[in-house]
J.: 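Encoded as structure tokens, here's the structure I'll be asking about.
Heavy atoms only: backbone and side chains are in, while hydrogens, waters and symmetry mates are out.
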Amino acid sequence: MMAELVIRKMEATDIDNVYEVEKASFETPWTKDIFYQELIENQFANYFVMELDNQLIGYAGLWVVIDDAQITNIAVMPIYRGKKLGEKLFLYTMQQAIRLGANHLSLEVRTSNIVAQRMYRKFGLVPGGIRKNYYTDNQEDAIVMWVNLYEKR
């Protein structure tokens with residue numbers, strides 16, 4: 001039987017499960033309060049969750065301000081990585097940015113996260129600069145990657 005994969009808008013009731021993905025994915029995870037503030041108080045924020053057979057396994061965050069979109073975070077539970085699910089989630093998020101009127105999309109990625117950089121390049125993102133000491137846990141630099149979305153319409 002085929003597994004059912006659903007990507008939908010995040011709701012406040014998803015925060016506990018999103019936090020589990022966050023803790024499993026990042027050295028310095030966002031708190032539940034941050035997710036709540038993003039969902040409820042940030043008019044620019046759009047968050048999406050990925051479910052496999054009704055189990056939340058990933059999420060992505062997107063800010064859209066005028067015609068600029070920024071991926072705030074994207075994560076898939078470690079046991080589900082390497083199955084192209086991150087690509088599906090990223091593509092969906094990119095499509096939402098286009099739907100919301102964005103012409104450009106950017107994100108920061110750790111210089112050491114070659115797997116993510118490779119995935120982003122598949123979607124046309126290119127390095128645009130370095131943010132020195134961007135990550136607070138270890139002062140690692142971030143590569144800023146971006147793409148023109150109007151070329152993807």
J.: With a 4.5 Å cut-off on side-chain heavy-atom distances among I, L, V, M, F, W and Y, is there a chain of contacts connecting Val6 to Leu85?
T.: no
J.: Between Leu5 and Leu52, is there a side-chain heavy-atom distance shorter than 4.5 Å?
T.: yes
J.: Nearest 0.5 Å, please: how far is CZ in Phe123 from CE in Met94?
T.: 7.0 Å
J.: Which ILVMFWY residues are connected to Val115, directly or by a chain of links, through side-chain heavy atoms under 4.5 Å apart?
T.: none
J.: Transitively linked via ILVMFWY side-chain contacts under 4.5 Å: Tyr19 with Ile40?
T.: no
J.: From Ile66 CD1 over to Leu100 CG, what is the distance, rounded to the nearest 0.5 angstrom?
T.: 14.0 Å
J.: Quick check: closest heavy atoms across Leu89 and Val76, and the distance to 0.1 Å?
T.: CD2-CG2, 4.4 Å
J.: Do Tyr120 and Ile74 have side chains that approach each other closer than 4.5 Å (heavy atoms only, starting at C-beta)?
T.: yes
J.: Between Gly124 and Val147, which heavy-atom pair has the shortest distance, and what is it?
T.: O-CG2, 3.5 Å
J.: Identify, with sequence neighbours excluded, every residue that meets side chain to side chain donor-acceptor pair (under 3.5 Å) alongside Glu27.
T.: none
J.: Given a cutoff of under 4.5 Å between side-chain heavy atoms of I, L, V, M, F, W and Y, with clusters grown through shared members, what are the other residues clustered with Ile114?
T.: none
J.: Would you list the pairs meeting salt bridge (charged side-chain N to carboxylate O under 4.0 Å, His left out) in which at least one residue belongs to residues 137-148, sequence neighbours left out?
T.: Arg110-Asp137, Arg110-Glu140, Lys132-Asp141
J.: Tell me, do Asn148 and His104 make a side-chain contact under 4.5 Å, heavy atoms counted?
T.: yes
J.: For a quick test of reading the model, state the closest non-hydrogen atom pair linking Trp30 to Ile34 and the distance between them.
T.: CE3-CG2, 3.2 Å
J.: Taking the hydrophobic residues Ile, Leu, Val, Met, Phe, Trp and Tyr, and joining any pair whose side-chain heavy atoms are under 4.5 Å apart, which ones share a cluster with Tyr135?
T.: Tyr134
J.: Any donor and acceptor pair, going by atom type alone, linking the side chain of Gln117 with main-chain N or O of Thr111 inside 3.5 Å?
T.: yes
J.: Check step by step if side-chain contact (heavy atoms from CB on, under 4.5 Å) holds for Glu4 and Glu51.
T.: CA-CA 8 Å; Glu4 186 184 9; Glu51 295 175 325; over 6 Å; no
J.: Measure the spacing between CE of Met50 and NZ of Lys88 and express it to the nearest 0.5 Å.
T.: 7.5 Å
J.: What heavy-atom pair brings Ala69 and Leu62 nearest, and what distance separates the two atoms?
T.: CB-CD1, 3.8 Å
J.: Please list all pairs passing the ring-ring contact (aromatic ring centres under 6.0 Å, His included) test where one or both residues lie in residues 55-80, with sequence neighbours left out.
T.: Phe35-Tyr59
J.: Take a 6.0 Å sphere around CZ of Phe26 and say whether it holds more than 12 heavy atoms from other residues, nucleotides or ligands.
T.: yes
J.: With salt bridge (charged side-chain N to carboxylate O under 4.0 Å, His left out) as the rule and sequence neighbours excluded, what pairs involving residues 9-20 come up?
T.: Arg8-Asp14, Asp16-Lys32, Glu20-Lys23
J.: Minimum heavy-atom separation for Ala116 to Asn113, with atom names?
T.: N-OD1, 3.1 Å
J.: What salt bridge (charged side-chain N to carboxylate O under 4.0 Å, His left out) pairs are there with at least one residue in residues 59-81, not counting sequence neighbours?
T.: none
J.: Looking at residues at least two apart in the chain, or sitting in another chain, which of them share a side chain to side chain contact (heavy atoms under 4.5 Å, CB included) with Val144?
T.: Glu108, Arg131
J.: Measuring from atom CD of Glu22 to atom CE of Met77, what distance do you get when rounded to the nearest 0.5 angstrom?
T.: 11.0 Å
J.: Could you list all the salt bridge (charged side-chain N to carboxylate O under 4.0 Å, His left out) pairs where at least one residue sits in residues 54-65, not counting sequence neighbours?
T.: none
J.: What distance separates Leu91 CG from Gln96 CD, expressed to the nearest 0.5 Å?
T.: 10.0 Å
J.: Could you tell me whether the side chain of Thr93 reaches within less than 4.5 Å of the side chain of Ile7, counting heavy atoms only?
T.: no
J.: Hydrophobic clusters join Ile, Leu, Val, Met, Phe, Trp and Tyr when side-chain heavy atoms are under 4.5 Å apart, directly or via other members; which others share one with Trp146?
T.: Val126
J.: Before giving the answer on side-chain contact (heavy atoms from CB on, under 4.5 Å), spell out for Leu107 and Phe90 the whole-Å C-alpha distance, their side-chain angles and the decisive distance to 0.1 Å.
T.: CA-CA 12 Å; Leu107 54 79; Phe90 188 81; 3.8 Å; yes
J.: How would you list, by chain and number, every residue that makes a ring pair (Phe, Tyr, Trp, His ring centres under 6.0 Å) with Tyr92, sequence neighbours excluded?
T.: Phe48
J.: Could you report the tightest heavy-atom contact between Gly86 and Met119, atom names first, then the distance?
T.: C-SD, 3.7 Å
J.: How long is the gap from CZ on Arg99 to CG on Leu149, to the nearest 0.5 Å?
T.: 13.5 Å
